[in-house]
Amino acid sequence: MTSLPTSSGLVLYRLMTRALAPVAPILLRRRIARGKEDPARLDERFGYASRQRPTGRLVWFHAASIGESLSILPLVERLLGVASDISVLVTTGTVTSAKLMAERLPPRAVHQFVPLDHPGYCSRFLDHWRPDLAIWVESEFWPNLIAATHARGLPLALVNARITETSFRKWRRAPRLIGSLLAGFSVSMAQDDVSAGRLRMLGAPSVLCLGNLKHDAPPLLHDAAELARLRNEIGHRPVWLASNTHEGEERAAAEAHRRLAPAHPGLLTMIVPRHPARGASIAAECQSLDLRVARRGLGDRIAATTDIYLGDTLGEMGLYYMLAGIAFVGGTLSLAGGHNPFEAARLDSALIVGPSDFNFIEAYAAFEAAGAMQRIADSAALAQAVGDLLVDGAIRQRMAAAAKAVVSADSGASSRVLAALLPLLPVGGSGHA
C-alpha cells in the first residue's frame, strides 16, 4: 500500500469529516425532503453497495452529475469493447444523473451513488467494489476517497479535467492539500490548454491535453412518440426555449415572452429549469405576469392559449431541444457560470447566452467565434436576440449549422483518452484485495 503526501489540510479535513459523521443522516434526510436524494438507495451514501461486484476487471468512473456522466458514455463503450472481462462502475452524486445512468449505461456497466466523503464510508465502498482502475471526471475532488483509493495501490487517472478560474483561486489558497491530492493521479488529462496549465501550477505531476469528451457525447435521447404528440399540439406556432434556468432567469424569459408576443402571434416559450423541483414557484411567477402556463410535470397539455410550457421534469432535455431550434442557455444571466452548450448544439439549436460563462469559457468562445452563439449583456437584451432569430429563419439555420460544426470539430477525444488509460489497467486479474 502507498499513501498520498501528508498535508496538514488533509489531516484536518479527515478529522473534520469524522467529527461530522453524526450529522450526516440529518443532512441526508433534509436532502430527501428536497428531492435531492433517493431514499431507497440511501445506504449507498454510507458505502453499502446495492449490487454485487462483477467478476473480472472493474474500472470505476466517478462523475459528479449529469453533464460529467453523459460525457463519459462514449469512453465507457470503447473501454468495454477492449475485452469481455472488463466491467464498469459509475458513481455520481445526484438523483438526476442516477436516473439517466439507469437509462443510458450499456450492459456490463452499473451505477452507484458515491459515498459521503467519510473515511469509514470510503473504506466500506472500496472493500466491496475493489476496482482495478479509478477514474475521476472533470474536477470534483473528494479528499478522503482519493486518499483511500491511492492508499490501496490503485492507479488513478483524472480525465476531461476542467479547472475554472474560481476553482483555481480556491485551490491556490490550499496549495499543500490540492498538491497532495493531484500527486495521487498517475495522469491528469485536461479538456483544454487553460485547465492543463492550471493543473500544472497546482502540482499535478503528469498532465496531458487530449480534448473535451463532451464533443464525443451522443445527442440527448428523446421519446419519439412524445415528440410527435407535442409537435402536433404546438403546430406551426413560433417557439423558443430557455434551458437549464436558474432563479431570475425564468422571469427574464417570461418578460421576454411578453415583449415578443404582440409581434409573434401564438408565440410559445418553453422554460426548463435546472432544478425541476422549483416548478410550482416558477409557474406562480409566470402567472403573476398574466401568462398562461402548462406544466409538463403535472401532465398538462399545450393548449392554443398556452404562453409558457414549463418543462419541470427530469431527463427530457433532448425532447425540449428537438422542439425549439432557438435556445437560451441558462446559468448565464445568473452567477452560475453557464451550462453545457454542446447538448443544444447537437440538436439543431441557435444559441443565446448571457455574460456569466466561467464554467465554459473556452467552449463559449469557440461557439461565438464560429458565429453559432449570440452573447447578450443582460436580461433586457434577451427579447431582441430571440426576436431576431424568430424573424429570420435563415440566420437561425446558419447559427445552428455552425454550432453543429463546432461540436464535430474536436471529436475523437474519447479515443485519445482511452489510449492513455489502457496502460494503467492491469492485465487480467479479478480486482484488488
Would you tabulate the side-chain donor-acceptor contacts of residues 334-342 under 3.5 Å, counting partners in other chains and residues two or more places apart, or write 'none'?
from	atom 1	to	atom 2	distance (Å)
Ser334	OG	Ala336	N	3.2
His339	NE2	His246	NE2	2.7
Asn340	OD1	Phe342	N	2.7

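- Within 6.0 Å of atom CD in Glu255, more than 12 heavy atoms from other residues, nucleotides or ligands are found, so the atom counts as buried in its surroundings.
- A 4.5 Å side-chain heavy-atom check between Asn244 and Met317 finds at least one atom pair inside the cut-off.
- Using a 3.5 Å distance cut-off with no hydrogens or angles, the side chains of His111 and Thr91 do not pair a donor with an acceptor.
- Residue-environment remark: OH (Tyr48) stays at or below the threshold of 12 foreign heavy atoms within 6.0 Å.
- Between Asn160 and Leu75, every side-chain heavy-atom pair lies at or beyond the 4.5 Å cut-off.
- Under the 4.0 Å criterion applied to side-chain N and carboxylate O atoms, Glu250 and Arg278 are assigned as salt-bridge partners.
- Arg292 and Thr306 form no side-chain donor-acceptor contact under 3.5 Å, judged by distance and modelled atom types alone.
- Counting non-hydrogen atoms of other residues, nucleotides and ligands closer than 6.0 Å to CH2 of Trp171 gives a total above 12.
- With sequence neighbours left out, Glu68 forms a salt bridge (Lys or Arg N to Asp or Glu O under 4.0 Å) with no residue at all.
- Of the charged side-chain nitrogens involved, at least one lies within less than 4.0 Å of a carboxylate oxygen, so that Glu226 and Arg296 count as a salt-bridged pair.
- Within 6.0 Å of CZ on Arg229 lie more than 12 heavy atoms contributed by other residues, nucleotides or ligands.
- Listed by chain and residue number, Ser167 satisfy the side chain to side chain donor-acceptor pair (under 3.5 Å) test with Thr164 (two or more places apart in sequence, or in another chain).
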Q: Walk me through it: do Tyr364 and Val329 pass the test side chain to side chain contact (heavy atoms under 4.5 Å, CB included)?
A: CA-CA 11 Å; Tyr364 281 23; Val329 181; 3.6 Å; yes
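- Remark: Asp192 does not engage Arg162 in a salt bridge, criterion side-chain N to carboxylate O under 4.0 Å.
- With contacts defined as side-chain heavy-atom distances shorter than 4.5 Å, the pair Phe125/Phe113 does not qualify.
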